[in-house]
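Handing you this structure, nothing more for now.
The structure displayed is predicted, hence computed values, not measured ones. All chains are named by letter (A, B, ...) in the order of the sequence lines, taking the proteins before the strands, and each is independently numbered beginning at 1.
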Amino acid sequence: MSYDHKKIDAKWQQRWEDARIFKAKDGSKKKKYYVLVEFPYPSGAGLHVGHPRSYTALDIVARKKRMEGMNVLFPMGWDAFGLPAEAYAIKTGVHPSIVTKQNIDTFRRQLKAIGFSFDWSREVDTTDPKYYRWTQWMFNQFFKAGLAYKAKASINWCPKDKIGLANEEVVGGACERCGTPVEKRDKEQWMIAITKYADRLLEDLNTVDYLPKIKKQQEDWIGRSEGALIKFDEIEVFTTRPDTIDGVTYVVLAPEHPLVADSTSSDQVKAVQKYLAETAKKTDIERGDDSKEKTGVFTGSYVKNPYNGEDVPVWVADYVLAGYGTGAVMAVPQHDERDHAFAEKFGLPIEDRPLLEVDQAIKKSKGQKKVNYRLRDWVFSRQRYWGEPIPLVHCEKDGWVAVPDDQLPVELPPVEKYEPTDNGESPLSAIDSFVNTTCPSCGGPAKRETDTMPNWAGSSWYFLRYIDPKNDKEFASKAALKYWTPVDLYNGGMEHTTLHLLYSRFWHKFLFDQGVVPTSEPYARRHSHGLIMAEDGTKMSKSKGNVVNPDEVVAEFGADTLRTYILFMGPFEEPVPWSTNGLIGVRRFLDKVERLAEKLGDESTEVTKALHKTIKKVSDDIDGFRFNTAVSELMKFVNVAQEAGSMSPDSFAMFLTILSPFAPHLANELAERSTKAPIGTFMDLQPWPSPDPKWLIDDEITIVIQVNGKLRASLNVAADISDAELIELAKADENVQKHLIGEVKKEIVVKGKLVNFVI
RNA sequence: GGGUAGAUGGCGGAAUUGGUAUACGCGCAUGCCUUAGGAGCAUGUGACUUCGGUCAUAAGGGUUCGAGUCCCUUUCUACCCACCA
């Protein structure tokens, strides 16, 4: 290991900061480019080696775009509300804001040590009252528009965290955070009507450039299906297969369906009640377990099939979901596997009726066409302390009233205990001075809402605040929004596709409808990165003690080695195992570059050609997110230059320019040291080079000669050789001749590539 | 159970339109050098081989002059969704 990375890293990080070269300019005439990475939750564990994967990749894009002459906004901030800080507060009594501040300081120091070109002057923190003032303001816009409503909802309740969860936060029937099986519980919750935007969230995917798998996942999550609503007497069902209605042999209600009691005949009351009690005890995991046998109970009543007038029995079964469609289905055992399994178990008839024509079946059944979505409304309440207070007041006379704009933010009051109360209410409910207030509308006594927002709230719009972070009149000025939105490139984890990414698209569309943002989509292009695994291929986790700390890597090998290795290790979108040996290999490469700087002088055509090819490939690869092959291309060039013995100072300067986004500290240092090379103060202020086309053309090329598709020779020939000449040359080759036994049936020539003789 | 993406040397991976499979890096081997280092340099490194070649991209089949790449069947892995009517 030769170069002194500690000295060089610190020197250039200081210079960048002093010269403020990464500051995005407001009101610039230049074309803008907004590069965004998902801002981290500043956990107590510090930065994980997985964080820099996303940041490094987009740092490279940001640096390249700057060098291409664009006004780049590449900001960073903190998504700092959340359970871990609160859990720590419960344990230690230390206010979450204190821990959060310490964690943010650690994260900032760690990120700076890796040399990212963030514009630190625009840092935002979702827990800062100056920030969440606007989160609350936006919530009030939802409320005033009638999209935020309070509803008694059967919610997912985590008995360990004592917190209600959105459907989206339940993973496999268990709490996403702690893995505890989720129970059902009825609770008054603030909901936001994201389902009203389902169609637009779906359709507008056509207007954005997301990775196909991201689009697909959002489409499936929104889950549009076309079908019909049909009434079997008073029971309305949703079906996607109205053409099968002639084969209906029974109707099923979800256990939570409001008509269950009315449909139950007196002799079946006991059986039905017993069944309802059993299902209420089941967790979602048990109910959702496909391998278990279906259960259900007959209500004792019958309804009429509106198509053919037949009486069919009404059953209650938990394989029907209360939250989807109408919570009731018409069962067609002949055409549906689940219905078939249920019918077989309970001895219900499986009729054999022909399929109908869809429109006629709906018409004759007096049904109506209906589009249904899988997406549910967003449960927005949390009974927690460390979140934005929902800025509403309840007045006995006027009902729910929004806190006026000039009284925002509603700040979190100090509390003594951070635990949710035993009845599941937020700890804020125990603070009388917070709860008791006056009604903004009538001035009479009123009580504040004590629920707080989920941490998806602050992250739904943070990219707008970066645009104008110090504004205290608006969340961002109209002019600044017009210039900077939409985000041109956004990268984040696949796990946020149906959470944060969907929420923030919805949130943004709502703001667009309110006329306060200029675009209907927040992000023009979205990419995602794969997880970095431990060396043994398992997930890195604190409990296994296999987490790689970027601080240690930077201290031992330097920031440039970490950055370059993280991109070299594998395709950006795929999960890759960490390898310390791979890291050492990258460090060797950077050391080679340093040695190259000492051997500037004459240059062979071979080196010039290689350089221009490298410029082309590296440029294309960065644009296409193929960072791993970009690094290998840089390595190949260094091998060529090293073998040649020397290269010209001009060429070396060009090479350093394209190396600089990957290894900015070393590239800047070597540029400064090689005084012969014509480079100014900062690499980032240099123009990105374009390859000279004349060096990209080869005048001699290698042609592969095959006989019956098998490689027999390879010839170096002039690039402009004619087919006839080439065939003649090929046939003259000794080894080819040996295999050309018998009649040549066909001669295939692929220009610039190969000749194949078929015999 | 469904969807999506995959399966290439000892390892991470490359192969842009169907056209030299294994680039680049790691590891390993031999040698050189040496202010003995996680150094540097050189050479080699898919398997088998009678040294002519032959066989190799999860397994099997197909299309083609030619298949890692396209098609079919099967197996396995990862992620996401999981009774969505």
Identify which nucleotide among B:A23, B:C55, B:C83 has an atom closest to any side-chain atom of A:K710, counting heavy atoms from C-beta outward.
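From the listed options, B:C55 comes nearest.
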
Is there a Watson-Crick or G-U wobble partner for B:G38 with both distances under 3.5 Å, and if so, which one is it?
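The base-pairing partner of B:G38, which may sit in any strand shown, does not exist here.
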
Confirm from the modelled atom types if A:E574 and B:G6 form a donor-acceptor pair under 3.5 Å, side chain to base only.
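No such pair is found, so the answer is no.
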
Between B:A82, B:G13, B:G38, spot the one nearest the side chain of A:R374, thanks.
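Of the candidates, B:A82 comes closest.
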
With a 4.0 Å cutoff (strictly under), does any side-chain N or O of A:Y324 reach OP1 or OP2 of B:A85?
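Yes.
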
Name of the residue among A:V717, A:I705, A:V755 meeting side chain to side chain contact (heavy atoms under 4.5 Å, CB included) with A:L729:
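Of A:V717, A:I705, A:V755, side chain to side chain contact (heavy atoms under 4.5 Å, CB included) with A:L729 is met by A:V717 alone.
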
Looking at B:G9, which nucleotide sits across from it as a Watson-Crick or G-U wobble partner, both distances under 3.5 angstrom, or is there none?
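Here B:G9 is not engaged in any pair, so there is no nucleotide opposite it.
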
Within the structure shown, what part of the strands sits under 4.0 Å from A:E643 by heavy-atom distance: base, sugar-phosphate, or nothing?
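No contact.
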
For atom NZ of A:K613 and atom P of B:A23, their distance in whole Å:
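Between P of B:A23 and NZ of A:K613: 18 Å.
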
Nearest heavy atom decides the nucleotide; on that basis, is A:D339 or A:P571 closer to the 5' end of RNA chain B?
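Result: A:P571.
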
Using purine N1 to pyrimidine N3 plus N6-O4 or O6-N4 for Watson-Crick, or N1-O2 and O6-N3 for G-U wobble, each under 3.5 Å, what pairs with B:C70?
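With both distances under 3.5 Å, B:C70 matches B:G62.
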
Would you please confirm or rule out a distance under 4.0 Å between OP1 or OP2 of B:A23 and any side-chain N or O of A:T629?
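For B:A23, OP1/OP2 do not have a side-chain N/O of A:T629 under 4.0 Å.
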
With sugar-phosphate meaning primed atoms plus P, OP1 and OP2, does A:S714 contact a base, only sugar-phosphate, or nothing at under 4.0 Å between heavy atoms?
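The answer is nothing, as A:S714 stays clear of every strand by at least 4.0 Å.
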
Describe the nucleic acid contact of A:T497 in one word from base, sugar-phosphate, nothing, applying a heavy-atom distance below 4.0 Å.
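A:T497: no heavy atom of the nucleic acid under 4.0 Å.
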
Watson-Crick or G-U wobble partner of B:G1, both distances under 3.5 Å:
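Across all strands, the one nucleotide that pairs with B:G1 is B:C81.
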
For the pair made of NE2 in A:H496 and C1' in B:C79, what is the distance, rounded to whole Å?
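Distance check: A:H496 NE2 to B:C79 C1' gives 15 Å.
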
Less than 4.0 angstrom from a charged side-chain N to a carboxylate O is my criterion; do A:R526 and A:E38 meet it?
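Looking at A:R526 and A:E38, the cut-off is met.
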
Under a 90° cut-off about 0 for the syn range, is B:G52 syn or anti?
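With its glycosidic angle within 90° of zero, B:G52 counts as syn.
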
A:L711 CG to B:G19 C1': how many Å, rounded?
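Computing the A:L711:CG to B:G19:C1' distance gives 11 Å.
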
Taking any heavy-atom pair under 4.0 Å as a contact, classify A:V329: base, sugar-phosphate, or nothing.
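Here A:V329 touches the bases of the nucleic acid.
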
Categorize A:T240 for me: base, sugar-phosphate, or nothing, with a 4.0 angstrom heavy-atom threshold over every strand shown.
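The residue A:T240 makes sugar-phosphate contact but no base contact.
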
What is the distance, to the nearest angstrom, from the CZ atom on A:R626 to the C1' atom on B:A14?
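In whole Å, B:A14 C1' and A:R626 CZ are 12 Å from each other.
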
Kindly indicate whether a cation-pi arrangement holds for A:R587 with A:Y3, taking the cut-offs as under 6.0 Å to the six-membered ring centre and within 45° of the axis.
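Yes.
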
Can you tell me the distance, in whole Å, between the NZ atom of A:K751 and the C1' atom of B:G18?
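After rounding, the reported distance stands at 19 Å.
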
Syn if the chi torsion is within 90° of 0, anti otherwise; quick check, which is B:G9?
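Here the answer is syn: the torsion falls within 90° of 0.
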
Picking from B:G13, B:C24, B:C83, which would you name as closest to the side chain of A:D318?
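The answer is B:C83, which lies nearest to the side chain.
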
Any idea which heavy atoms bring A:S365 and A:Y307 closest together, and the distance?
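Heavy-atom minimum between the residues: OG-CB, 3.6 Å.
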
Looking only at side chains, do A:N491 and A:H529 share a donor and an acceptor under 3.5 Å apart?
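Side chains of A:N491 and A:H529: pair found under 3.5 Å.
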
Check every atom of B:C41, B:U4, B:G12 against the side chain of A:K592 and return the nucleotide holding the closest atom.
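Nearest to the side chain of A:K592 among the choices is B:C41.
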
Rounded to whole angstrom units, what separation is found between the NZ atom of A:K215 and the C1' atom of B:U4?
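Taking NZ of A:K215 and C1' of B:U4, I get 16 Å after rounding.
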
Rounded distance (Å) that lies between atom P of B:C79 and atom NE2 of A:H529
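Taking NE2 of A:H529 and P of B:C79, I get 15 Å after rounding.
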
Without hydrogens or angle criteria, can the side chains of A:K746 and A:N756 be said to hold a donor-acceptor pair below 3.5 Å?
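A:N756 and A:K746 do not have a side-chain donor-acceptor pair below 3.5 Å.
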
Quote, to the nearest angstrom, the C1' distance that separates B:A21 from B:A67.
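Going atom to atom, C1' in each nucleotide, I get 11 Å.
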
Are any of the side-chain nitrogens in A:K609 or A:E606 under 4.0 Å away from the carboxylate oxygens of its partner?
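Salt bridge absent between A:K609 and A:E606.
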
Of the options B:G13, B:C24, B:A82, whose atoms approach the side-chain atoms of A:V576 most closely?
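Nearest listed nucleotide: B:G13.
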
Can you give me the N/O atom pairs linking the protein to nucleotides 51-53 of chain B at distances under 3.5 Å, or say none if there are none?
none

Polar pair under 3.5 Å, donor/acceptor by atom type, side chain A:N756, base B:C65:
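Side chain to base: pair found, below 3.5 Å.
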
Whole-Å distance separating the CE atom of A:M569 from the C1' atom of B:C11
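These atoms are roughly 13 Å apart.
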
Start with the C-alpha gap between A:K731 and A:E747, add the side-chain angles, then the distance that decides, and say whether salt bridge (charged side-chain N to carboxylate O under 4.0 Å, His left out) holds.
CA-CA 11 Å; A:K731 280 184 175 166; A:E747 289 163 349; 2.8 Å; yes

Measure from the side-chain heavy atoms of A:K617 and tell me the nearest of B:U16, B:A85, B:C83.
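Nucleotide nearest to A:K617's side chain: B:U16.
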
Is A:D620 touching bases, backbone alone, or none of the nucleic acid, heavy atoms closer than 4.0 Å?
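No contact.
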
Can you tabulate the close N/O pairs, meaning under 3.5 Å, that link protein atoms to atoms of nucleotides 28-31 of chain B?
none

Between A:K746 and B:C65, is there a contact of a side-chain N or O with OP1 or OP2 at under 4.0 Å?
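Checking A:K746 against B:C65: at least one side-chain N or O falls below 4.0 Å of OP1 or OP2.
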
Using only modelled atom types and a 3.5 angstrom limit, is any donor from either the side chain of A:K745 or the base of B:C65 paired with an acceptor on the other?
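No, no donor-acceptor pair under 3.5 Å.
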
May I ask you to test the A:E535-A:N546 pair for a side-chain heavy-atom distance under 4.5 Å?
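No; the side chains remain at least 4.5 Å from each other.
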
For B:G18, the Watson-Crick or wobble partner whose two distances fall under 3.5 Å
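Result: none.
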
Does the ring pair (Phe, Tyr, Trp, His ring centres under 6.0 Å) test come out yes or no for A:F342 and A:Y250, once each step is laid out?
CA-CA 10 Å; A:F342 190 83; A:Y250 62 104; 5.5 Å; yes

Checking contacts here: which listed nucleotide (B:A21, B:A82, B:C80) is nearest the side-chain heavy atoms of A:Q217?
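Nearest to the side-chain atoms of A:Q217, counting from C-beta on, is B:C80.
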
When you measure from the side-chain N and O atoms of A:N581 to the phosphate of B:G12, is any distance below 4.0 Å, counting only OP1 and OP2?
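A:N581 to B:G12 OP1/OP2: no side-chain N or O under 4.0 Å.
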
Partner lookup for B:C55, please. Criteria are Watson-Crick or G-U wobble with both distances under 3.5 angstrom; report none if nothing qualifies.
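Matched B:C55 with B:G46 under the 3.5 Å cut-off.
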
Between A:W378 and A:Y503, how do the two ring planes meet: parallel, tilted or perpendicular, split at 30° and 60°?
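Rings of A:W378 and A:Y503: parallel, as their planes differ by under 30°.
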
Are side-chain N/O atoms of A:T195 and A:D377 paired as donor and acceptor at under 3.5 Å?
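Side-chain D/A pair, A:T195 to A:D377: present.
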
Candidates B:C24, B:G13, B:G38 - which lies nearest the side chain of A:N639:
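Of B:C24, B:G13, B:G38, B:C24 is nearest to the side chain of A:N639.
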
In terms of side-chain heavy atoms of A:R588, which of B:A39, B:C83, B:U20 is nearest?
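Side chain of A:R588 sits closest to B:A39.
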
Between A:N372 and A:P577, who's closer to the 5' end of RNA chain B by nearest nucleotide?
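This one resolves to A:P577.
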
Which side-chain N or O atoms in residues 611-618 of chain A pair as donor and acceptor under 3.5 Å with protein atoms at least two apart or in another chain?
from   : atom 1 : to     : atom 2 : distance (Å)
A:H612 : ND1    : A:D692 : N      : 2.8
A:K613 : NZ     : A:D698 : OD1    : 3.3
A:K613 : NZ     : A:D698 : OD2    : 3.0
A:T614 : OG1    : A:A610 : O      : 2.7
A:K616 : NZ     : A:D620 : OD2    : 2.9
A:K617 : NZ     : A:D621 : OD1    : 3.4
A:K617 : NZ     : A:D621 : OD2    : 3.0

In this structure, are over 12 heavy atoms from other groups packed under 6.0 Å from A:K231 atom NZ?
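No, the 6.0 Å shell around NZ holds no more than 12 heavy atoms from other groups.
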
So if I take every side-chain heavy atom of A:K753 and compare against B:G19, B:U4, B:G3, which nucleotide ends up nearest?
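It is B:G19.
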
